[in-house]
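To start, the structure under review is shown below, and the notes come after it.
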Amino acid sequence: MAQIGRRGLKICAGHALVPRTGYRNRSIESVTIHLMPNNARLTQTVRRAAVVAAAGAAAAAIAGLGSGAAHAAVGDNLPSSCLQVSQDGGNNWGTTAVITWNNARPIPGGEVKQASFKVRNNCATAAKFQVYTGNWSLPDGGSATVRANAGSVQGTKTALAGIPKGHLLAETGRLTKDAPVNVELFVGIPASETAQGFTIKPAWNLALEEVAGDSPVDPVDPVDPGDCNNSSASGSASGSLGDILGPILCSDTGSLGSGSAASKLIQLDSPNVVAASR
């Protein structure tokens with residue numbers, strides 16, 4: 001049995017254990033890479049490659065622990081001071097207080113853009129930008145929809161009824177420091193709604209969530225970066241390193257709607273929206 005440090009790589013009884021480390025914003029608590037000697041397709045070269053890859057991950061984890069690297073906090077939210085907002089196309093930057101709000105009134109089957117602005121990550125730590133729901137309410141009854149666009153991601157119109165606080169509406173890929181992206185926030189009314197003049201109380205929440213420094217840069221589809229396919233994610237033992245590590249690297253432990261640290265969400269002071277009267 002070989003062992004690297006207290007939390008490093010362990011090789012015993014034909015398999016390797018990889019410690020927790022960040023990779024493409026995936027959380028890996030403990031991974032076992034099986035080296036099956038009775039599998040004719042799994043060549044000795046692939047076995048060595050798997051062990052080398054595992055050892056590299058272990059070494060990176062140990063180095064990160066010693067140096068305080070950002071990867072140790074992947075999944076945590078950055079301080080609110082890292083998020084800067086511009087309402088004038090990127091000429092001037094400030095806090096969320098600079099956001100201006102549209103007072104247009106939505107009609108059934110339509111939606112209004114309540115706000116549009118630019119955001120950027122002003123800190124060196126790699127992060128993705130996210131839009132969440134807060135405590136939305138309809139004090140007068142009626143129904144409503146919410147939607148958000150962020151960077152290259154076009155959000156989906158979501159019915160307000162039944163969605164929990166902290167529901168993720170949109171998120172970008174990794175933002176490089178001070179690179180601006182556009183954000184749009186929409187409020188709408190379902191086509192089937194017959195009530196008029198009711199009040200919608202929005203509660204938009206924003207966040208910068210730390211990601212691995214090598215995760216895909218926006219614009220990307222943050223749900224599927226495009227380099228994980230069915231064959232590599234299936235875990236079939238075809239003898240390639242991709243088939244061994246595919247299920248590890250492509251596993252989706254941070255899917256949309258998984259939530260974020262509520263204590264660090266940035267709450268916007270958005271005004272009420274009043275439904276139009278026919």
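These numbers come from a predicted model, not from an experiment. Heads up: numbering here begins at 1 and tracks the sequence.
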Exercise. For residues Trp204 and Gln267, is any side-chain donor paired with an opposing acceptor at under 3.5 Å?
Worked result: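 No.
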For this session: Examine the side chains of Asn272 and Thr199 and answer whether a donor and an acceptor come within less than 3.5 Å of each other.
Result: no
Please check this pair: side chain of [X] against backbone of [Y], looking for a donor-acceptor N/O pair closer than 3.5 Å.
{"X": "Asn205", "Y": "Leu265", "result": "no"}
{"X": "Gln87", "Y": "Ser116", "result": "yes"}
{"X": "Ser86", "Y": "Asn92", "result": "yes"}
{"X": "Arg174", "Y": "Ala127", "result": "no"}
{"X": "Gln84", "Y": "Asn122", "result": "no"}
{"X": "Thr95", "Y": "Ala97", "result": "yes"}
{"X": "Thr133", "Y": "His167", "result": "yes"}

ILVMFWY network linking [X] to [Y], side-chain heavy atoms under 4.5 angstrom:
{"X": "Val183", "Y": "Trp136", "value": "yes"}
{"X": "Val131", "Y": "Val273", "value": "yes"}
{"X": "Leu268", "Y": "Val146", "value": "yes"}

Exercise. What distance do Thr125 atom OG1 and Leu78 atom CG have between them, rounded to the nearest 0.5 Å?
Worked result: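 So the OG1 of Thr125 and the CG of Leu78 are separated by 5.0 Å.
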Exercise. Can you check side chain to side chain contact (heavy atoms under 4.5 Å, CB included) on Thr172 and Val153, steps first, answer last?
Worked result: CA-CA 6 Å; Thr172 68; Val153 176; 5.6 Å; no
Exercise. For the residue pair Gly155 and Asn149, what are the closest heavy atoms and their distance?
Worked result: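 Heavy atoms only, the tightest pair is N-OD1, 2.9 Å.
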For this session: Could you pull out the closest heavy-atom pair between Lys177 and Cys123, with the gap in Å?
Result: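 Result for this residue pair: CG-O, 3.7 Å.
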Exercise. Can you list the steps and then say if Leu208 with Asn77 is a side chain to side chain contact (heavy atoms under 4.5 Å, CB included)?
Worked result: CA-CA 6 Å; Leu208 284 173; Asn77 285 349; over 6 Å; no
